[in-house]
Structure formats: C-alpha cells, structure tokens
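Step one of this worksheet: look at the structure below.
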Amino acid sequence: MADRSFLDWPFFEPRHKAFAEAFDGWCEVEIAPLEAAGEPEADEALDATCREIVRRLARGGWLNAAVPTGRDGKLDVRTLCLTRETLARHSGLADFCFAMQGLGPGPISLFGSEAQRAAYLPAVARGDKIAAFALSEPEAGSDAAALAMTAMRDGDGWILNGAKTWISNGGVADFYVVFARTGGAPGAKGLSAFIVDADTPGLSVAERIPLIAPHPLATLEFKNCRIPASALISGEGEGFRIAMGTLDVFRSTVGAAALGMARRAFDLSMQRAQGRELFGAPMFDLQMTQAALADMALTIDASALLIYRAAWTKDSGAARVTREAAMAKLHATDGAQQVIDAAVQLHGGLGVRAGHPVERLYREVRALRIYEGASEVQKIVIARQAAQLMGR
Ligand code: COS
C-alpha cells in the first residue's frame, strides 16, 4: 500500500485527497489488469491498447482533469499531478495516454480561442479525440527555438512544410498542435502554433519509432499541408511563448509520473526486504538494506515536495512557474531513476528478469529524463531563473 500521508500536506484541499483515493481504487479495477496482461509489442496492439486506455479514462470521467472543461476554465495542476502519479504507479502506458490528453491540447487549453476550445477540449475529455504535441524536429530538440518547419501564408490559410520527430501519439492522434516558423524573425521570435487535424492532406507518418518501453512515437512529414487561418493559436509569433508556457505547466506533471514510478519501486522493495530471509534474518534487518530504503524514501518525499510546491504555486495564480516546474521535473525524474535502480539491486536476479515489475519500471522511467526538456535543459532553466531572481 503506497504512502498517502503526503495528501495531508497543506498544498492540498480536501477535494484532492478524495480524488486521489477514488482514482486509486478505480485504477486497481480498470488499469491494473491491463498492465498485468503484459506489454503490447506490435504497433497495432500498442495503438489498440492506448485507445482502450483512453476510452476507459474517458468513461470514468478522469480525462476531465486533463483539459479545463469546468466552469472556471482552468487546469488544476495538483489534480493533474495526482492523476499522473497514481496512474504511473499502476502503469507507465496508462500514464502516457493520460499525459498526452493534457499536453497535446495544452496550448489550446492555455492559449486557445473560445472557438478552438469548444471544438477540441470537450472531445478530448470524452476520449473522442486523441491529442499530440509536435515541437521537436530532427535538428531542434533541446534548442527548441532552432526549429525549421515553415508555415507560409496562403490566401486565408497557411501551408506547412517540414518534419517533426519524437512525437508521442504520432500515428494515433486525431490532431496535433504543431509549432512552425512564420515570417522572417529569427530564433524564438519567428514561431507560431497551429492545430492540425491528422487527416489533413500532406500530413503523413514517415516512421514509427520503437522504444525500450513501448509507447506510440513517430516522425511526421508535412508536405504542402494546407490549414485554415482559424488553426493559428493566439497570434503570429507567439509560438515560443506558447510552447514554453505549456511546458511550464506540464513539466511538474512529468515529475509526478516519475514519483508514481518511484513509489511503486519503493513499495515493491519494502515488501521484498520484509518478506525475504537473508543470512538467517529478514533482509530488512541488514543495515545496508535500511540505508537503501532510507535513501529511496528521502528522494521520494523531496520530489513530492518540489512537485506539489510547483503545482500549488500555479494553482494559486502565479503567472509563471518556470523555476518551480524545472526543479520538480529535474529532481523527481533523476531521483526516480536512482530509486528504481536501487529497487532492481534489492531484487537481485528478479530485478533484471524480463517482465518483472521493477525491470519494467527500469525501462519505463528512462525516457522521463529526456522528454519535455532533458535534465540538462532543466539545469539551464534553473540557473537562468536563479540569476534573474538575484537581479543579474
Ligand atoms: N514562459 C514564457 N516565456 C518564456 C519562457 C516561459 N517559460 N521561457 C522563455 N520565454 C520567452 C523569453 O522571455 C524570451 O522572450 P523575450 O525575447 O521577449 O525576452 C523568449 O521566450 C526566448 O527565451 P530564451 O532566450 O530563454 O530562449 P532559448 O532559446 O534560450 O530557450 C531553452 C532555451 C533551453 C529554455 C528552451 O529552448 C527549452 O525549453 N528547450 C527544451 C524544449 C523541450 O522541452 N523540448 C521537448 C519538447 S516536448 S517532448
């Protein structure tokens, strides 16, 4: 049974605790059996599993947390984080499916017009539309402002040309939020964000990319892909601000997913330490085991504090949480990698047996230190923010 004491921290309101408990119970019934069935390997099986997960999440009403469909029109970042933490504790793939229903339409949720929100967000919440976020390119990953894809004005619309890669839900999504260069302004200043439906002529999946822990991922090609003027999110030249503003909100949720995986690894390690005899006594009695468990518990709590600080700060009305979100993602993802590595070690041979839960976690957690801004990017962001805070 995972530690729930953190739900009594002052970052949360009673509704968060009730939500986390109800959602965990639902995951036991609806998600755990899918996870226990093993990892889908072929693309078709993987896509079908993802669609099934989205359907289940929608049926349970849980996708309402991914997009602001409520009356106040706002995302509750603490609920987003609690959802990802809980899902990731049960299934990395289910967490991925939920996360993309948040990040994919994130620019619409945060910066879209009323018409764009009405056209996409309720359909995302119902699971009728699967979403994706298309920023990275073959030559522009960490340096997002270097992206080369173009959007040229054409009458009352735009023509997109270029490629996007490492796109989560590529090939599965019903629509993509795509960042492209408009006009001649250099770097970050010349970018704009567009909504592109997956069936738009000229958009194709060039390659599906297999991963160490299977998730749908693809390279997309845009060849003279025509989209209407209404596809532009906010204004021309606003793309970089939109991308960064969206990542600011969703980066702490990546930390939350890592935290959920770390908690699962910790629970499994505690069970093993208490259940296995070693040198004539429970393995837990060895001080080396206690030291490993103590390091894990400390990393988990420190990550949780940073994540829910970032989420609470955003929910409390902060205009930007760039620094808080970067710290949360960096610490929680790097920390989860260490916690899971320690769990593998405590499990001995079982820890590297294909399909064992800690072996799956070991593969599953690795991408989190890379996507939505690698650990090194978070360090750049944190250092710049610290300099700014000190007036330099
Ligand atoms: N919110 C709002 N505006 C922001 C912002 C944020 N979080 N971060 C930067 N900006 C603004 C800056 O204020 C600046 O505006 P002005 O020119 O008006 O001053 C502009 O955007 C450019 O900012 P900056 O100079 O910091 O841009 P860089 O190109 O140096 O950005 C990093 C560098 C590394 C921070 C950025 O490229 C980044 O986050 N990269 C990782 C991308 C990523 O996460 N990719 C994964 C995609 S999803 S899997």
Side-chain angles (χ1 to χ4, degrees), residues 75 77 84 95-97 99-107 109-111 131-149 162-170 173 176-181 183 185-193 209 211 213 215-220 233-255 257-258 310 313-314 318-330 332-333 366-389 392:
L75 282 167
V77 186
R84 288 201 68 179
D95 164 63
F96 165 89
C97 294
M100 291 317 301
Q101 292 300 83
L103 177 69
S109 300
L110 298 167
F111 301 95
F133 183 85
L135 177 65
S136 302
E137 297 186 0
E139 302 303 327
S142 290
D143 185 4
L147 67 83
M149 177 153 169
K164 294 286 173 187
T165 193
W166 312 116
I167 305 307
S168 293
N169 270 345
Y176 300 86
V177 170
V178 176
F179 295 85
R181 192 160 290 291
K189 297 212 184 302
L191 306 184
S192 303
I209 307 170
L211 295 177
H215 292 212
L217 198 79
T219 300
L220 307 175
I233 300 177
S234 187
E236 198 178 333
E238 290 295 311
F240 196 75
R241 197 177 61 87
I242 293 174
M244 293 300 122
T246 304
L247 290 169
D248 276 358
V249 170
F250 286 92
R251 275 179 179 155
S252 50
T253 78
V254 182
T313 305
K314 182 68 190 166
R320 276 180 66 169
V321 283
T322 307
R323 170 172 169 272
E324 292 85 349
M327 285 184 171
K329 181 183 188 276
L330 175 65
T333 56
R366 189 62 185 87
L368 278 64
R369 288 170 60 207
I370 298 171
Y371 75 69
E372 284 181 51
S375 294
E376 292 73 12
V377 164
Q378 308 310 329
K379 287 181 184 171
I380 294 173
V381 171
I382 293 166
R384 287 183 183 179
Q385 290 283 310
Q388 228 174 56
L389 265 181
R392 284 159 214 237

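Both ligands and their constituent atoms are indexed starting at 1 by order of listing. Atoms considered below: every heavy atom in the structure, side chains included; atoms not considered: hydrogens, waters and symmetry mates.
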Decide whether an N or O pair under 3.5 Å exists between [X] and ligand 1.
{"X": "Gly373", "value": "yes"}
{"X": "Arg384", "value": "yes"}
{"X": "Ser136", "value": "no"}

Note, [X] side chain near [Y] side chain (heavy atom, < 4.5 Å):
{"X": "Val377", "Y": "Arg251", "result": "yes"}
{"X": "His215", "Y": "Met100", "result": "no"}
{"X": "Leu389", "Y": "Arg323", "result": "yes"}
{"X": "Tyr371", "Y": "Ser136", "result": "no"}
{"X": "Thr165", "Y": "Ile209", "result": "yes"}
{"X": "Arg84", "Y": "Val254", "result": "yes"}

Closest approach of any protein heavy atom to [atom], naming residue and atom:
{"atom": "atom 45 (N) of ligand 1", "answer": "Gly141 O, 3.9 Å"}
{"atom": "atom 7 (N) of ligand 1", "answer": "Asp248 OD2, 2.9 Å"}
{"atom": "atom 44 (O) of ligand 1", "answer": "Arg251 NH2, 2.8 Å"}

Next on the checklist: If you compare all heavy atoms of Ser192 against all heavy atoms of Gly237, which two are closest, and at what distance to 0.1 Å?
Outcome noted: OG-N, 2.9 Å
Checklist entry - Between Ala188 and Ala145, what is the shortest heavy-atom contact and its length? => result N-CB, 3.6 Å
Proximal atoms of ligand 1 relative to [X] (non-hydrogen, under 4.0 Å):
{"X": "Ala145", "result": "29 (O)"}
{"X": "Ala144", "result": "37 (O), 42 (C)"}
{"X": "Thr322", "result": "7 (N)"}
{"X": "Leu135", "result": "47 (C)"}
{"X": "Val381", "result": "35 (C)"}
{"X": "Leu247", "result": "43 (C), 44 (O)"}

Using heavy atoms and a threshold below 4.0 Å, how should the contact between [X] and ligand 1 be classified: side chain, backbone, both, or neither?
{"X": "Ile380", "value": "neither"}
{"X": "Ser142", "value": "backbone"}
{"X": "Leu103", "value": "neither"}

For [atom], which candidate among [options] holds the nearest heavy atom?
{"atom": "atom 36 (C) of ligand 1", "options": "Lys189, Gln378, Met244", "result": "Met244"}
{"atom": "atom 10 (N) of ligand 1", "options": "Trp166, Phe133, Phe240", "result": "Phe240"}
{"atom": "atom 5 (C) of ligand 1", "options": "Arg241, Glu238, Arg320, Glu372", "result": "Arg320"}

Checklist entry - Listed by chain and number, what are the side chain to side chain donor-acceptor pair (under 3.5 Å) partners of Ser375, not counting sequence neighbours? => result Asp334
Any protein heavy atom nearer than 4.0 Å to [atom]:
{"atom": "atom 30 (O) of ligand 1", "result": "yes"}
{"atom": "atom 12 (C) of ligand 1", "result": "no"}
{"atom": "atom 19 (O) of ligand 1", "result": "no"}

Next on the checklist: Does Glu372 form a side chain to side chain contact (heavy atoms under 4.5 Å, CB included) with Thr333? I'd like the steps, not just the answer.
Outcome noted: CA-CA 11 Å; Glu372 284 181 51; Thr333 56; over 6 Å; no
Checklist entry - Are the ring centres of Phe179 and Phe133 closer than 6.0 Å? => result yes
Checklist entry - Gln385 and Met327: side chain to side chain contact (heavy atoms under 4.5 Å, CB included), yes or no, with the steps? => result CA-CA 11 Å; Gln385 290 283 310; Met327 285 184 171; over 6 Å; no
Sequence neighbours excluded and cut-off under 3.5 Å, please list the side-chain donor-acceptor pairs for residues 243-250, or say none.
residue	atom	partner	partner atom	Å
Thr246	OG1	Ile242	O	2.7
Asp248	OD2	Thr322	OG1	2.7

